[in-house]
Visitor: 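Here it is, the structure, as structure tokens.
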Amino acid sequence: MAQAQAHGTPAVPDNGVAAETARNDGIAVEINGERFVHTGDPQMPLLWYLRDVLWLTGTKYGSAHGGSGADLVLVNGRLVSAITQPMAKLAGKSITTVEGLAAEDGALHPLQQAFIDEDAIGCGYCTPGWLMASFDLLRRKPQPGDADIDQLPNSCRCGCQTRVRAAIKRAAAGKAGQA
Ligand code: FES
């Protein structure tokens with residue numbers, strides 16, 4: 001499970017972020033509460049900015065057009081596919097990735113803990129997307145049923161859907177971390 005990472009400019013000096021944030025031009029975004037400025041290709045998809053520039057690798061590639069659920073993030077609170085979002089569209093926006101779910105002290109979000117409790121993680125590739133989609137679901141519907149969960153735009157090739165359902169319901173019931 002991805003923990004909260006240090007991803008502020010001073011913590012990642014070797015991948016170009018420090019040089020980017022030193023400039024005043026570019027596309028300013030807030031990611032997991034920290035401000036970054038992208039001065040590269042404005043058409044770069046958010047997914048590549050997260051993964052290749054900031055090394056926030058929790059968000060996964062699913063397909064070139066999104067839809068698999070693996071690359072879901074929140075942009076201004078709205079669930080979107082990161083591969084479909086060019087940086088040019090994101091100026092001034094606030095973005096939350098799976099790395100932003102955990103508390104600042106590293107304590108897991110109840111959904112993250114519930115996925116562990118229910119052993120709802122196979123290879124783990126799809127897990128960040130499930131977490132973001134279920135985080136969004138619980139905001140909209142605090143006590144979701146199977147039908148609500150089954151409507152999430154996620155899939156799992158490891159066959160964890162049943163356990164994912166249980167994990168989301170466990171988190172919704174406030175029982176994450178309990179026996
Ligand atoms: S845990 Fe492997 S694809 Fe879902």
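The structure presented is a predicted model; accordingly, all values stated were derived computationally and were not measured. Counting convention: from 1, in listed order, for ligands and their atoms alike.
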Visitor: Check the pair Asp150 / Arg165 against salt bridge (charged side-chain N to carboxylate O under 4.0 Å, His left out), numbers first and verdict last.
Guide: CA-CA 8 Å; Asp150 291 346; Arg165 272 188 188 171; 2.6 Å; yes
Visitor: What protein N/O/S atoms sit under 2.8 Å from atom 4 (Fe) of ligand 1, by chain and number?
Guide: Cys126 SG, Cys156 SG
Visitor: With sequence neighbours left out, write down each residue that passes salt bridge (charged side-chain N to carboxylate O under 4.0 Å, His left out) with Lys141, or none if nothing qualifies.
Guide: Asp148
Visitor: Taking the side chain from Gln112 and the backbone from His109, do they hold a donor-acceptor pair closer than 3.5 Å?
Guide: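 Looks like yes, one N/O pair under 3.5 Å.
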Visitor: Charged N to carboxylate O under 4.0 angstrom, Asp117 versus Lys175?
Guide: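 Result for this pair is no, no salt bridge flagged.
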Visitor: Is it true that Arg170 and Glu118 have a side-chain N and a carboxylate O under 4.0 angstrom from each other?
Guide: yes
Visitor: Enter the distance from His38:NE2 to Asp41:CG here, rounded to the nearest 0.5 Å.
Guide: 6.0 Å
